[in-house]
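Read the structure below first, then the notes.
Lettering follows sequence order; numbering is per chain, from 1. A quick note: this is a predicted structure, and the numbers were derived from the prediction, not measured.
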Protein chains: 2
Amino acid sequence: MTNRRDAVREILAHSEGFRSAQDIYAEMRAHGAKIGLTTVYRALQALADAGHIDVLRTDDGESVYRACVTGGHHHHLVCRRCGRTVEVAGPAVERWADAVGAEHGFTAITHTVEVFGTCPSCSAVASAS
Amino acid sequence: MTNRRDAVREILAHSEGFRSAQDIYAEMRAHGAKIGLTTVYRALQALADAGHIDVLRTDDGESVYRACVTGGHHHHLVCRRCGRTVEVAGPAVERWADAVGAEHGFTAITHTVEVFGTCPSCSAVASAS
DNA sequence: ACGGTTTTGACAACCGTTTTCATTCTGGCG
DNA sequence: CGCCAGAATGAAAACGGTTGTCAAAACCGT
């Protein structure tokens with residue numbers, strides 16, 4: 001079993017940035033794979049539950065997924081133009097978040113951090129045009 | 001035009017944490033206001049465009065809105081149980097985000113940071129039960 | 001090969017959001 | 001005051017992504 005699941009993981013593995021479910025579905029179809037949208041969603045959920053991939057929501061409400069190289073906790077630096085993603089560690093942020101939470105008496109602190117920017121090649125293109 | 005817009009802003013003003021559009025709509029209706037869901041959405045969008053309120057997406061895809069006291073850039077510390085929200089400034093994070101972006105050659109850096117935790121009163125309740 | 005279980009995928013249901021469009025309000029002008 | 005143009009409103013329909021349904025297909029140990 002899990003052929004489909006591995007197929008989905010494959011796609012994510014060789015992708016640079018975040019991919020949407022429908023995006024992945026489209027690619028698999030284009031590749032000739034016989035798979036249903038439902039199964040893609042299920043595979044994605046399973047992978048996310050297993051902690052093998054990251055999930056987050058776009059500003060327009062779409063879920064996007066990414067296979068993370070790093071095992072542990074980390075954040076992303078995402079190019080807002082081409083979607084290229086760099087994984088970054090942020091000890092300073094972790095500490096800050098905990099400190100800020102503690103300062104207000106909050107416990108069990110977690111946090112989400114996403115950094116957006118325009119990557120070198122994209123800013124080159126932008127300034128050239 | 002004492003817009004419904006102002007009415008919506010009112011609701012947000014006296015709310016502690018983030019409210020969803022439908023939530024606000026329900027409250028206005030309960031309050032006896034004759035207003036349509038459409039108008040609530042439009043008011044919310046207008047306020048967001050004008051920069052008077054914050055918008056962000058829940059993990060389950062709902063948009064939530066909040067009237068921000070502070071004018072400038074800031075982040076939120078949100079109680080994951082009761083939704084109480086504290087606005088926090090994080091110079092350290094701003095600097096970190098910019099630095100991390102610059103380090104990878106990214107320009108026009110922006111970032112989103114949300115800190116979640118259990119607030120003092122809620123953790124009291126939790127441990128009491 | 002054979003039942004029982006799991007996985008699959010076409011399709012419909014869902015849900016929050018957005019658009020459409022006819023109606024209502026508003027404010028200026030003759 | 002009456003009228004019209006433009007903006008605002010809201011009910012209902014459309015939309016898009018996601019999730020549920022359920023029958024058919026694949027898989028498994030026997």
Item to check | Side chain to side chain, B:R80 and A:T110, heavy atoms closer than 4.5 Å | outcome: yes
Next on the checklist: Please report the end-to-end axis angle for the helix from C:dA1-D:dT30 to C:dG30-D:dC1, five pairs per end, rounded to 10 degrees.
Outcome noted: 10°
Checklist entry - Once you round it to whole Å, what is the distance between C1' of C:dG9 and CE of A:M28? => result 13 Å
Item to check | Whole-Å distance separating the CG atom of B:D23 from the C1' atom of C:dG16 | outcome: 13 Å
Checklist outcome for this item: Taken to the nearest whole Å, CG/A:D6 to P/C:dT7 is 13 Å
Item to check | Aromatic plane relationship, A:W96 with B:H75 - under 30° parallel, 30 to 60° tilted, over 60° perpendicular | outcome: perpendicular
Next on the checklist: Distance check needed: C:dC11 P versus A:I35 CD1, whole Å only.
Outcome noted: 17 Å
Item to check | Nearest-angstrom distance from the residue atom CZ of A:R5 to P of C:dT7 | outcome: 7 Å
Checklist entry - Taking OP1 and OP2 of D:dT19, is either one under 4.0 Å from a side-chain nitrogen or oxygen of A:Y41? => result no
Checklist entry - Of the candidate nucleotides C:dG9, C:dG16, D:dA12, which contains the atom at the shortest distance from the side chain of B:Q22? => result C:dG16
Item to check | Distance, rounded to the nearest Å, where B:D59 contributes CG and C:dG16 contributes C1' | outcome: 16 Å
Next on the checklist: If I take atom CG in residue B:D60 and atom P in nucleotide D:dG17, what distance separates them, rounded to the nearest angstrom?
Outcome noted: 17 Å
Item to check | Presence of donor-acceptor pair under 3.5 Å, side chain of A:R57 and base of D:dG17 | outcome: no
Checklist entry - Between the base of C:dG16 and the side chain of B:S63, is there a donor-acceptor distance below 3.5 Å? => result no
Checklist entry - B:H73 and B:E94: side-chain donor and acceptor closer than 3.5 Å? => result yes
Next on the checklist: Pairing donors with acceptors under 3.5 angstrom, does anything connect the side chains of B:R66 and B:S15?
Outcome noted: no
Item to check | Among C:dT17, C:dC11, C:dT20, the nucleotide that comes nearest once only the side chain of B:L37 is considered | outcome: C:dT17
Checklist outcome for this item: The single option from B:E10, B:E27, B:E62 that satisfies salt bridge (Lys or Arg N to Asp or Glu O under 4.0 Å) with B:R19 is B:E27
Next on the checklist: Nearest to the side chain of B:R42, heavy atoms from C-beta on, is which of C:dT17, C:dT20, C:dG9?
Outcome noted: C:dT20
Item to check | Nucleotide nearest A:T39 (side chain, heavy atoms from C-beta), chosen from C:dG9, C:dG16, D:dA11 | outcome: C:dG9
Next on the checklist: Output the rounded distance in Å from CG (B:L44) to P (D:dA8).
Outcome noted: 16 Å
Checklist entry - Regarding A:Y65 and A:Q45, is there a side-chain donor-to-acceptor distance under 3.5 Å anywhere? => result no
Next on the checklist: Side chains of B:R57 and A:T58: any donor to acceptor distance under 3.5 Å?
Outcome noted: no
Checklist outcome for this item: Per atom distances to the B:Q45 side chain, the nearest of D:dG10, D:dT18, C:dT18 is C:dT18
